[in-house]
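Everything below concerns the one structure shown next.
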Amino acid sequence: MNIGVIIPLIIFLAIIFFIGFWSSKKLEESTGGFLQEYFLGGRELGGFVLAMTMVATYGSASSFLGGPGTAYTMGFGWVLLAMTQVVTGYFVLLILGKKFAILARRYNAITLIDFLKVRYNSTVVVLLAAASMIIFLFSAMTAQWVGGGRLIESLTGMQYTTALFIFAVSVLVYVVIGGFRAVAVTDAVQGGVMVVGTLVLLIAVIIAGGGVPNIMQDLLAENPNLVTPYGNEGNLSAAYVSSFWILVGVGVVGLPQMAVRAMSYKNTRSMHRALVIGTIVTGFIMLNMHLIGIFARPILPGVEVADTVIPLVALKVLPAWLAGIVLAAPLAAIMSTVDSLLILVSSSIVKDVYINYLNPNASEKKVKRLSFGVTTLLGSVVFLLALNPPDLLIFLNLFAFGGLEAAFIWPVVLGLYWSYGNKYGAIASMVTGIMSYIAIHFYNQANGNLFGVHTVVLPVILSLIAYVICSLLIKKTKYVF
(Lines give C-alpha, C1' and ligand atoms only; values in the text may rest on other atoms or scores of the structure.)
Protein backbone atom coordinates (compact mmCIF):
# COMPACT_ATOMS: atom_id res chain seq x y z
CA MET A 1 0.00 0.00 0.00
CA ASN A 2 1.55 3.29 -1.16
CA ILE A 3 1.05 5.73 1.75
CA GLY A 4 2.41 8.67 -0.28
CA VAL A 5 -0.40 8.24 -2.80
CA ILE A 6 -3.10 7.59 -0.20
CA ILE A 7 -2.60 10.64 2.04
CA PRO A 8 -3.59 13.25 -0.62
CA LEU A 9 -6.65 11.15 -1.48
CA ILE A 10 -7.68 11.07 2.20
CA ILE A 11 -7.32 14.86 2.41
CA PHE A 12 -9.41 15.21 -0.76
CA LEU A 13 -12.19 13.02 0.70
CA ALA A 14 -12.09 14.97 3.98
CA ILE A 15 -12.74 18.21 2.07
CA ILE A 16 -15.67 16.58 0.28
CA PHE A 17 -17.15 15.44 3.62
CA PHE A 18 -16.82 18.97 5.02
CA ILE A 19 -18.76 20.37 2.06
CA GLY A 20 -21.49 17.80 2.63
CA PHE A 21 -21.92 18.83 6.26
CA TRP A 22 -21.86 22.54 5.32
CA SER A 23 -24.57 21.90 2.73
CA SER A 24 -26.69 20.04 5.30
CA LYS A 25 -26.65 23.18 7.48
CA LYS A 26 -27.79 25.27 4.49
CA LEU A 27 -30.52 22.69 3.94
CA GLU A 28 -31.79 23.16 7.49
CA GLU A 29 -31.68 26.97 7.20
CA SER A 30 -33.43 27.11 3.80
CA THR A 31 -36.71 29.03 3.62
CA GLY A 32 -37.53 28.00 0.04
CA GLY A 33 -38.87 24.55 0.89
CA PHE A 34 -37.07 21.23 1.33
CA LEU A 35 -37.68 19.85 -2.17
CA GLN A 36 -36.39 22.94 -3.97
CA GLU A 37 -33.29 23.08 -1.77
CA TYR A 38 -32.53 19.33 -1.70
CA PHE A 39 -33.03 18.63 -5.40
CA LEU A 40 -32.18 22.05 -6.94
CA GLY A 41 -29.94 23.89 -4.47
CA GLY A 42 -32.52 26.65 -4.02
CA ARG A 43 -31.84 27.84 -7.60
CA GLU A 44 -28.89 29.84 -6.25
CA LEU A 45 -25.92 28.61 -8.32
CA GLY A 46 -23.51 31.31 -9.42
CA GLY A 47 -21.69 31.30 -12.76
CA PHE A 48 -18.50 29.55 -11.61
CA VAL A 49 -20.27 26.80 -9.63
CA LEU A 50 -22.79 26.28 -12.46
CA ALA A 51 -19.98 25.95 -15.03
CA MET A 52 -17.94 23.58 -12.90
CA THR A 53 -20.87 21.36 -11.90
CA MET A 54 -21.76 20.98 -15.59
CA VAL A 55 -18.16 20.16 -16.50
CA ALA A 56 -17.73 17.79 -13.56
CA THR A 57 -21.05 16.03 -14.15
CA TYR A 58 -20.28 15.49 -17.82
CA GLY A 59 -16.65 14.52 -17.22
CA SER A 60 -16.67 10.98 -15.88
CA ALA A 61 -14.56 7.84 -15.82
CA SER A 62 -14.66 7.86 -19.61
CA SER A 63 -13.12 11.35 -19.77
CA PHE A 64 -10.24 10.55 -17.41
CA LEU A 65 -9.70 6.82 -17.88
CA GLY A 66 -11.54 5.37 -20.89
CA GLY A 67 -11.02 8.31 -23.28
CA PRO A 68 -7.27 8.70 -22.70
CA GLY A 69 -6.98 4.90 -22.84
CA THR A 70 -8.65 4.88 -26.26
CA ALA A 71 -6.37 7.72 -27.40
CA TYR A 72 -3.40 5.58 -26.24
CA THR A 73 -4.66 2.81 -28.54
CA MET A 74 -5.96 4.78 -31.54
CA GLY A 75 -3.81 7.90 -31.59
CA PHE A 76 -4.60 11.48 -32.56
CA GLY A 77 -7.74 10.48 -34.44
CA TRP A 78 -9.44 9.86 -31.08
CA VAL A 79 -8.11 13.17 -29.72
CA LEU A 80 -9.81 14.93 -32.63
CA LEU A 81 -13.04 13.04 -31.99
CA ALA A 82 -12.94 13.86 -28.27
CA MET A 83 -12.68 17.59 -28.99
CA THR A 84 -16.25 17.58 -30.31
CA GLN A 85 -17.21 17.63 -26.61
CA VAL A 86 -15.92 21.18 -26.10
CA VAL A 87 -19.29 22.74 -26.95
CA THR A 88 -21.27 20.56 -24.53
CA GLY A 89 -21.98 23.10 -21.79
CA TYR A 90 -22.29 25.91 -24.33
CA PHE A 91 -25.09 24.16 -26.21
CA VAL A 92 -26.96 23.12 -23.07
CA LEU A 93 -27.07 26.67 -21.71
CA LEU A 94 -27.51 28.32 -25.11
CA ILE A 95 -30.47 26.17 -26.17
CA LEU A 96 -32.17 25.70 -22.79
CA GLY A 97 -30.70 28.64 -20.91
CA LYS A 98 -32.95 31.57 -20.07
CA LYS A 99 -36.30 30.28 -21.35
CA PHE A 100 -36.00 26.93 -19.59
CA ALA A 101 -35.11 28.58 -16.28
CA ILE A 102 -37.99 31.08 -16.60
CA LEU A 103 -40.57 28.39 -17.37
CA ALA A 104 -39.19 26.10 -14.65
CA ARG A 105 -39.70 28.88 -12.09
CA ARG A 106 -43.16 29.68 -13.47
CA TYR A 107 -44.19 26.01 -13.28
CA ASN A 108 -42.41 25.60 -9.93
CA ALA A 109 -40.58 22.72 -11.60
CA ILE A 110 -37.92 21.05 -9.46
CA THR A 111 -37.02 18.27 -11.90
CA LEU A 112 -36.95 17.93 -15.67
CA ILE A 113 -40.00 15.67 -15.43
CA ASP A 114 -41.86 18.42 -13.54
CA PHE A 115 -41.40 20.58 -16.63
CA LEU A 116 -42.62 17.79 -18.94
CA LYS A 117 -45.63 17.16 -16.65
CA VAL A 118 -46.86 20.75 -16.87
CA ARG A 119 -45.91 21.24 -20.53
CA TYR A 120 -47.64 18.10 -21.84
CA ASN A 121 -50.23 17.40 -19.11
CA SER A 122 -49.80 13.66 -19.61
CA THR A 123 -49.33 10.87 -17.09
CA VAL A 124 -47.91 8.66 -19.85
CA VAL A 125 -45.19 11.20 -20.66
CA VAL A 126 -44.25 11.51 -16.97
CA LEU A 127 -44.12 7.78 -16.26
CA LEU A 128 -42.30 7.02 -19.53
CA ALA A 129 -39.74 9.72 -18.74
CA ALA A 130 -39.29 8.55 -15.13
CA ALA A 131 -38.87 4.91 -16.19
CA SER A 132 -36.31 5.88 -18.86
CA MET A 133 -34.29 7.94 -16.38
CA ILE A 134 -34.34 5.34 -13.62
CA ILE A 135 -33.35 2.42 -15.87
CA PHE A 136 -30.70 4.13 -18.01
CA LEU A 137 -29.14 6.29 -15.29
CA PHE A 138 -29.13 3.44 -12.79
CA SER A 139 -27.06 1.33 -15.15
CA ALA A 140 -24.71 4.20 -15.98
CA MET A 141 -24.26 4.94 -12.29
CA THR A 142 -23.40 1.33 -11.46
CA ALA A 143 -20.66 1.23 -14.07
CA GLN A 144 -19.21 4.49 -12.68
CA TRP A 145 -19.11 2.98 -9.19
CA VAL A 146 -17.22 0.00 -10.59
CA GLY A 147 -14.73 2.49 -12.07
CA GLY A 148 -14.36 4.27 -8.72
CA GLY A 149 -13.77 1.01 -6.89
CA ARG A 150 -11.23 -0.16 -9.46
CA LEU A 151 -9.33 3.14 -9.29
CA ILE A 152 -9.04 3.07 -5.49
CA GLU A 153 -8.08 -0.62 -5.68
CA SER A 154 -5.26 0.08 -8.17
CA LEU A 155 -3.91 3.03 -6.16
CA THR A 156 -4.03 1.53 -2.68
CA GLY A 157 -3.64 -2.21 -3.19
CA MET A 158 -6.87 -2.85 -1.24
CA GLN A 159 -9.28 -5.61 -2.14
CA TYR A 160 -11.86 -4.49 -4.72
CA THR A 161 -14.77 -4.94 -2.27
CA THR A 162 -13.07 -2.76 0.36
CA ALA A 163 -12.19 -0.09 -2.21
CA LEU A 164 -15.76 -0.07 -3.55
CA PHE A 165 -17.16 0.24 0.00
CA ILE A 166 -14.93 3.27 0.71
CA PHE A 167 -16.00 4.89 -2.56
CA ALA A 168 -19.71 4.19 -1.90
CA VAL A 169 -19.64 5.56 1.65
CA SER A 170 -17.72 8.66 0.52
CA VAL A 171 -20.34 9.53 -2.10
CA LEU A 172 -23.38 8.62 -0.02
CA VAL A 173 -22.38 10.68 3.01
CA TYR A 174 -22.27 14.04 1.28
CA VAL A 175 -25.09 13.40 -1.22
CA VAL A 176 -27.60 12.08 1.34
CA ILE A 177 -27.06 14.80 3.93
CA GLY A 178 -26.37 17.75 1.60
CA GLY A 179 -28.52 17.16 -1.50
CA PHE A 180 -28.07 19.09 -4.75
CA ARG A 181 -26.12 21.96 -3.13
CA ALA A 182 -23.52 19.49 -1.83
CA VAL A 183 -23.35 17.91 -5.28
CA ALA A 184 -22.89 21.28 -7.02
CA VAL A 185 -20.27 22.69 -4.60
CA THR A 186 -18.28 19.44 -4.47
CA ASP A 187 -18.46 19.40 -8.28
CA ALA A 188 -16.85 22.84 -8.29
CA VAL A 189 -14.02 21.59 -6.06
CA GLN A 190 -13.68 18.41 -8.09
CA GLY A 191 -13.64 20.42 -11.32
CA GLY A 192 -10.74 22.46 -9.95
CA VAL A 193 -8.92 19.24 -9.03
CA MET A 194 -9.49 17.96 -12.57
CA VAL A 195 -7.95 21.09 -14.14
CA VAL A 196 -4.87 21.12 -11.86
CA GLY A 197 -4.37 17.34 -12.13
CA THR A 198 -4.62 17.47 -15.92
CA LEU A 199 -2.06 20.28 -16.22
CA VAL A 200 0.47 18.71 -13.84
CA LEU A 201 0.27 15.29 -15.48
CA LEU A 202 0.54 16.71 -19.02
CA ILE A 203 3.72 18.61 -18.14
CA ALA A 204 5.22 15.55 -16.39
CA VAL A 205 4.45 13.24 -19.33
CA ILE A 206 5.96 15.65 -21.87
CA ILE A 207 9.13 15.95 -19.77
CA ALA A 208 9.35 12.17 -19.30
CA GLY A 209 8.97 11.68 -23.06
CA GLY A 210 11.81 14.08 -23.84
CA GLY A 211 9.58 16.83 -25.24
CA VAL A 212 6.79 16.88 -27.81
CA PRO A 213 9.10 16.54 -30.89
CA ASN A 214 10.68 13.37 -29.45
CA ILE A 215 7.30 11.89 -28.56
CA MET A 216 6.02 12.58 -32.09
CA GLN A 217 9.08 10.94 -33.63
CA ASP A 218 8.55 7.85 -31.46
CA LEU A 219 4.90 7.65 -32.51
CA LEU A 220 5.78 8.03 -36.20
CA ALA A 221 8.43 5.33 -35.92
CA GLU A 222 5.94 2.94 -34.29
CA ASN A 223 2.93 3.56 -36.55
CA PRO A 224 2.46 6.64 -38.79
CA ASN A 225 -1.34 6.23 -38.52
CA LEU A 226 -1.14 7.23 -34.86
CA VAL A 227 -0.55 10.87 -35.86
CA THR A 228 -3.31 11.03 -38.50
CA PRO A 229 -7.02 11.81 -38.01
CA TYR A 230 -7.98 8.27 -39.06
CA GLY A 231 -6.85 6.14 -36.11
CA ASN A 232 -4.16 3.51 -35.68
CA GLU A 233 -5.81 1.24 -38.25
CA GLY A 234 -7.13 4.03 -40.47
CA ASN A 235 -10.74 3.12 -39.65
CA LEU A 236 -12.03 6.41 -38.19
CA SER A 237 -14.12 7.85 -41.01
CA ALA A 238 -14.95 11.53 -41.37
CA ALA A 239 -18.67 10.65 -41.26
CA TYR A 240 -18.31 8.86 -37.92
CA VAL A 241 -16.18 11.59 -36.34
CA SER A 242 -18.60 14.29 -37.52
CA SER A 243 -21.69 12.40 -36.38
CA PHE A 244 -20.14 11.73 -32.96
CA TRP A 245 -20.75 15.42 -32.36
CA ILE A 246 -24.48 14.66 -32.12
CA LEU A 247 -23.85 12.34 -29.16
CA VAL A 248 -21.42 14.52 -27.20
CA GLY A 249 -22.36 18.00 -28.41
CA VAL A 250 -25.87 18.97 -29.47
CA GLY A 251 -27.51 15.82 -28.11
CA VAL A 252 -26.33 16.49 -24.56
CA VAL A 253 -29.21 18.97 -24.32
CA GLY A 254 -31.40 15.88 -23.93
CA LEU A 255 -29.51 14.46 -20.94
CA PRO A 256 -31.62 15.01 -17.79
CA GLN A 257 -28.58 15.45 -15.52
CA MET A 258 -27.38 18.33 -17.72
CA ALA A 259 -30.80 19.88 -18.35
CA VAL A 260 -31.59 20.14 -14.64
CA ARG A 261 -28.55 22.39 -14.22
CA ALA A 262 -30.13 24.88 -16.59
CA MET A 263 -32.90 25.22 -13.98
CA SER A 264 -30.63 25.86 -11.01
CA TYR A 265 -28.68 29.07 -11.69
CA LYS A 266 -29.26 32.33 -9.85
CA ASN A 267 -29.58 34.90 -12.66
CA THR A 268 -28.78 35.66 -16.29
CA ARG A 269 -25.31 36.94 -15.44
CA SER A 270 -24.50 33.59 -13.82
CA MET A 271 -25.63 31.76 -16.96
CA HIS A 272 -23.52 33.93 -19.27
CA ARG A 273 -20.46 33.50 -17.06
CA ALA A 274 -21.00 29.73 -16.98
CA LEU A 275 -21.15 29.66 -20.81
CA VAL A 276 -17.63 31.05 -21.05
CA ILE A 277 -16.04 29.25 -18.11
CA GLY A 278 -17.64 25.89 -18.94
CA THR A 279 -16.52 25.95 -22.57
CA ILE A 280 -12.93 26.87 -21.68
CA VAL A 281 -12.60 24.29 -18.89
CA THR A 282 -14.18 21.49 -20.93
CA GLY A 283 -11.85 22.22 -23.85
CA PHE A 284 -8.80 22.30 -21.57
CA ILE A 285 -9.60 19.00 -19.86
CA MET A 286 -10.72 17.08 -22.94
CA LEU A 287 -7.76 18.13 -25.10
CA ASN A 288 -5.07 17.62 -22.51
CA MET A 289 -6.32 14.37 -20.96
CA HIS A 290 -6.52 12.75 -24.40
CA LEU A 291 -3.09 14.15 -25.33
CA ILE A 292 -1.73 12.57 -22.15
CA GLY A 293 -3.18 9.25 -23.35
CA ILE A 294 -1.38 9.27 -26.70
CA PHE A 295 1.82 10.89 -25.32
CA ALA A 296 2.05 8.08 -22.74
CA ARG A 297 2.47 5.46 -25.47
CA PRO A 298 6.27 5.84 -25.91
CA ILE A 299 6.74 6.11 -22.12
CA LEU A 300 4.63 3.04 -21.28
CA PRO A 301 4.64 0.75 -24.34
CA GLY A 302 2.56 -2.39 -24.40
CA VAL A 303 -0.10 -1.55 -21.80
CA GLU A 304 -2.66 -4.34 -22.17
CA VAL A 305 -5.62 -2.71 -20.38
CA ALA A 306 -5.81 0.78 -21.89
CA ASP A 307 -8.10 2.10 -19.14
CA THR A 308 -5.20 1.81 -16.68
CA VAL A 309 -2.89 4.11 -18.68
CA ILE A 310 -3.57 7.25 -16.61
CA PRO A 311 -2.93 5.68 -13.15
CA LEU A 312 0.12 3.82 -14.48
CA VAL A 313 1.73 6.81 -16.16
CA ALA A 314 1.04 9.06 -13.15
CA LEU A 315 2.73 6.60 -10.81
CA LYS A 316 5.67 6.29 -13.23
CA VAL A 317 6.43 9.97 -13.95
CA LEU A 318 5.45 11.65 -10.66
CA PRO A 319 6.55 11.39 -7.00
CA ALA A 320 4.06 9.38 -4.93
CA TRP A 321 2.56 12.37 -3.08
CA LEU A 322 2.07 14.32 -6.32
CA ALA A 323 0.65 11.26 -8.06
CA GLY A 324 -1.90 11.07 -5.24
CA ILE A 325 -2.95 14.67 -5.88
CA VAL A 326 -3.10 14.19 -9.65
CA LEU A 327 -5.02 10.91 -9.38
CA ALA A 328 -7.64 12.66 -7.28
CA ALA A 329 -8.72 14.08 -10.67
CA PRO A 330 -10.14 10.84 -12.15
CA LEU A 331 -11.58 9.99 -8.73
CA ALA A 332 -13.22 13.44 -8.67
CA ALA A 333 -14.54 12.91 -12.21
CA ILE A 334 -16.16 9.63 -11.25
CA MET A 335 -17.57 10.94 -7.96
CA SER A 336 -18.96 14.08 -9.57
CA THR A 337 -20.81 12.04 -12.19
CA VAL A 338 -22.10 9.50 -9.68
CA ASP A 339 -23.41 12.10 -7.22
CA SER A 340 -25.34 13.91 -9.97
CA LEU A 341 -26.91 10.69 -11.24
CA LEU A 342 -27.75 9.60 -7.70
CA ILE A 343 -29.61 12.80 -6.80
CA LEU A 344 -31.36 12.77 -10.20
CA VAL A 345 -32.66 9.20 -9.87
CA SER A 346 -33.72 9.94 -6.29
CA SER A 347 -35.66 13.01 -7.43
CA SER A 348 -37.38 10.96 -10.15
CA ILE A 349 -38.67 8.48 -7.57
CA VAL A 350 -39.54 10.92 -4.77
CA LYS A 351 -40.85 13.93 -6.68
CA ASP A 352 -41.94 12.60 -10.05
CA VAL A 353 -43.59 9.35 -8.96
CA TYR A 354 -44.35 9.41 -5.21
CA ILE A 355 -45.45 13.04 -4.75
CA ASN A 356 -47.02 13.50 -8.17
CA TYR A 357 -49.09 10.32 -8.18
CA LEU A 358 -48.96 8.38 -4.90
CA ASN A 359 -49.13 11.01 -2.14
CA PRO A 360 -49.50 14.61 -3.38
CA ASN A 361 -50.25 15.87 0.16
CA ALA A 362 -47.21 14.36 1.85
CA SER A 363 -45.85 16.52 4.68
CA GLU A 364 -42.41 18.12 4.32
CA LYS A 365 -41.15 16.00 7.23
CA LYS A 366 -42.25 12.81 5.47
CA VAL A 367 -40.79 13.95 2.13
CA LYS A 368 -37.48 14.79 3.82
CA ARG A 369 -37.30 11.38 5.49
CA LEU A 370 -38.26 9.64 2.25
CA SER A 371 -35.66 11.59 0.21
CA PHE A 372 -32.87 10.62 2.60
CA GLY A 373 -34.08 7.01 2.65
CA VAL A 374 -34.49 6.64 -1.12
CA THR A 375 -31.06 8.17 -1.83
CA THR A 376 -29.44 5.83 0.72
CA LEU A 377 -31.31 2.81 -0.63
CA LEU A 378 -30.34 3.62 -4.23
CA GLY A 379 -26.70 3.93 -3.26
CA SER A 380 -26.83 0.64 -1.37
CA VAL A 381 -28.42 -1.20 -4.30
CA VAL A 382 -25.84 0.24 -6.71
CA PHE A 383 -23.09 -0.89 -4.32
CA LEU A 384 -24.45 -4.44 -4.34
CA LEU A 385 -24.75 -4.48 -8.15
CA ALA A 386 -21.23 -3.10 -8.52
CA LEU A 387 -19.80 -5.97 -6.47
CA ASN A 388 -20.40 -8.23 -9.45
CA PRO A 389 -22.19 -6.24 -12.15
CA PRO A 390 -24.27 -8.35 -14.56
CA ASP A 391 -23.63 -8.07 -18.28
CA LEU A 392 -26.99 -6.37 -18.78
CA LEU A 393 -25.94 -3.33 -16.76
CA ILE A 394 -22.67 -3.01 -18.63
CA PHE A 395 -24.57 -3.39 -21.91
CA LEU A 396 -27.07 -0.69 -20.90
CA ASN A 397 -24.28 1.66 -19.86
CA LEU A 398 -22.76 1.56 -23.35
CA PHE A 399 -25.80 3.22 -24.84
CA ALA A 400 -27.47 4.82 -21.78
CA PHE A 401 -26.58 8.40 -22.70
CA GLY A 402 -27.48 7.95 -26.36
CA GLY A 403 -30.81 6.37 -25.37
CA LEU A 404 -31.61 9.27 -23.05
CA GLU A 405 -30.75 11.79 -25.75
CA ALA A 406 -32.95 10.03 -28.30
CA ALA A 407 -35.80 9.96 -25.76
CA PHE A 408 -35.63 13.47 -24.30
CA ILE A 409 -34.10 15.91 -26.77
CA TRP A 410 -37.21 16.81 -28.78
CA PRO A 411 -39.81 16.74 -25.97
CA VAL A 412 -37.53 19.19 -24.12
CA VAL A 413 -36.31 21.44 -26.95
CA LEU A 414 -39.50 21.56 -29.04
CA GLY A 415 -41.54 21.69 -25.84
CA LEU A 416 -39.76 24.98 -25.17
CA TYR A 417 -39.80 26.51 -28.64
CA TRP A 418 -42.70 25.01 -30.63
CA SER A 419 -46.19 25.86 -29.44
CA TYR A 420 -47.83 23.11 -31.53
CA GLY A 421 -45.90 20.34 -29.80
CA ASN A 422 -48.25 18.20 -27.67
CA LYS A 423 -48.36 15.03 -25.60
CA TYR A 424 -48.98 12.77 -28.60
CA GLY A 425 -45.84 14.05 -30.28
CA ALA A 426 -43.85 13.72 -27.04
CA ILE A 427 -44.96 10.11 -26.44
CA ALA A 428 -44.30 9.13 -30.07
CA SER A 429 -40.89 10.83 -30.00
CA MET A 430 -39.79 9.11 -26.79
CA VAL A 431 -40.96 5.65 -27.84
CA THR A 432 -39.52 6.02 -31.36
CA GLY A 433 -36.22 7.37 -30.05
CA ILE A 434 -35.67 4.61 -27.49
CA MET A 435 -36.83 1.69 -29.66
CA SER A 436 -34.94 2.79 -32.78
CA TYR A 437 -31.79 3.45 -30.75
CA ILE A 438 -31.84 -0.06 -29.29
CA ALA A 439 -32.61 -1.65 -32.68
CA ILE A 440 -29.88 0.27 -34.53
CA HIS A 441 -27.42 -0.44 -31.73
CA PHE A 442 -27.96 -4.19 -32.19
CA TYR A 443 -27.71 -3.84 -35.98
CA ASN A 444 -24.46 -1.88 -35.72
CA GLN A 445 -22.99 -4.44 -33.32
CA ALA A 446 -23.60 -7.18 -35.88
CA ASN A 447 -23.02 -5.39 -39.19
CA GLY A 448 -21.00 -2.22 -38.57
CA ASN A 449 -22.30 1.33 -38.39
CA LEU A 450 -25.32 2.00 -40.60
CA PHE A 451 -24.38 4.70 -43.19
CA GLY A 452 -21.05 5.04 -41.37
CA VAL A 453 -22.49 7.36 -38.70
CA HIS A 454 -22.79 7.02 -34.93
CA THR A 455 -25.71 5.00 -33.56
CA VAL A 456 -27.44 8.03 -32.02
CA VAL A 457 -27.86 10.00 -35.28
CA LEU A 458 -30.74 8.13 -36.93
CA PRO A 459 -32.82 7.74 -33.72
CA VAL A 460 -32.55 11.49 -33.10
CA ILE A 461 -33.79 12.16 -36.65
CA LEU A 462 -36.59 9.56 -36.41
CA SER A 463 -37.74 10.85 -33.02
CA LEU A 464 -37.92 14.38 -34.48
CA ILE A 465 -40.09 13.17 -37.37
CA ALA A 466 -42.35 11.25 -34.95
CA TYR A 467 -42.73 14.31 -32.70
CA VAL A 468 -43.72 16.65 -35.53
CA ILE A 469 -46.05 14.25 -37.38
CA CYS A 470 -47.95 13.03 -34.30
CA SER A 471 -48.26 16.54 -32.86
CA LEU A 472 -49.84 17.81 -36.09
CA LEU A 473 -51.89 14.80 -37.20
CA ILE A 474 -53.35 13.22 -34.05
CA LYS A 475 -54.65 16.37 -32.37
CA LYS A 476 -53.27 19.73 -33.42
CA THR A 477 -53.37 22.12 -30.49
CA LYS A 478 -51.53 25.31 -29.68
CA TYR A 479 -49.82 25.62 -26.30
CA VAL A 480 -49.73 29.04 -24.67
CA PHE A 481 -46.47 29.57 -22.81
#### Entry: Intermediate values then yes/no, side-chain contact (heavy atoms from CB on, under 4.5 Å), V326 and T198
CA-CA 7 Å; V326 167; T198 299; over 6 Å; no

### Task
Determine, stepwise, if the pair M133 / V345 fulfils side-chain contact (heavy atoms from CB on, under 4.5 Å).
CA-CA 7 Å; M133 285 173 58; V345 176; over 6 Å; no

### Task
In sequence, state the C-alpha distance, the side-chain angles, and the governing distance for N225 and Y230, and then conclude on side-chain contact (heavy atoms from CB on, under 4.5 Å).
CA-CA 7 Å; N225 283 337; Y230 307 110; over 6 Å; no

### Task
Take L384 and L387 through the side-chain contact (heavy atoms from CB on, under 4.5 Å) test and state the conclusion after the steps.
CA-CA 5 Å; L384 294 175; L387 287 173; 4.1 Å; yes

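Between the side chain of S436 and the main chain of G433, a donor-acceptor pair closer than 3.5 Å is present. The closest donor-acceptor contact from the side chain of N223 to the backbone of N232 lies under 3.5 Å. Side-chain N or O atoms of H441 include none that pairs as donor or acceptor with a backbone N or O of Y437 at under 3.5 Å. In this structure a side-chain-to-backbone donor-acceptor pair under 3.5 Å is missing from S346 to L342. Judged by distance alone, the side chain of Y72 and the main-chain N or O of I310 form no donor-acceptor pair under 3.5 Å. Proximity of a side-chain donor or acceptor of S463 to a complementary backbone N or O of V460 within less than 3.5 Å is detected. Using modelled atom types, one side-chain atom of T73 and one backbone atom of G69 make a donor-acceptor pair closer than 3.5 Å.
In this structure, OG1 on T455 lies 12.0 Å from CD1 on I438, to the nearest 0.5 angstrom. Remark: I325 CD1 to L201 CG distance equals 12.5 Å, nearest 0.5 Å.
Taking both residues in full, the closest heavy atoms of M286 and M83 are given as C-SD, 4.1 Å, listed atom of the first, atom of the second, then distance. For V350 against S371, the heavy-atom pair with the smallest separation is CG1-OG, 3.6 Å. Closest approach of L172 to G379, counting heavy atoms only: CD2-CA, 3.7 Å. Taking every heavy atom of both residues into account, V200 and L322 meet most closely at CG1-CD2, 4.0 Å. Annotation for A296 and V205: closest pair N-CG1, 4.2 Å, computed over non-hydrogen atoms.
Residues D114 and N356 form a side-chain contact, since some pair of their non-hydrogen atoms from C-beta on lies under 4.5 Å apart. Residues L116 and V126 fail the side-chain proximity criterion, which asks for heavy atoms closer than 4.5 Å. Residues F408 and S132 form a side-chain contact, since some pair of their non-hydrogen atoms from C-beta on lies under 4.5 Å apart. Side-chain contact between I355 and N359 is absent, with no heavy-atom pair separated by less than 4.5 Å. V79 is not listed as a side-chain neighbour of M74, based on a closest heavy-atom distance of 4.5 Å or more. Looking at M216 and V212, their side chains come closer than 4.5 Å, going by heavy atoms from C-beta outward. Contact check for L450 versus Y443: side-chain heavy atoms found under the 4.5 Å cut-off. V313 is not listed as a side-chain neighbour of F295, based on a closest heavy-atom distance of 4.5 Å or more.
Heavy atoms of other residues, nucleotides or ligands lying less than 6.0 angstrom from CZ of F18 number 12 at most. By the neighbour-count criterion of 12 heavy atoms within 6.0 Å, atom CZ of F165 is sparsely surrounded, having that number or fewer from other residues, nucleotides or ligands.
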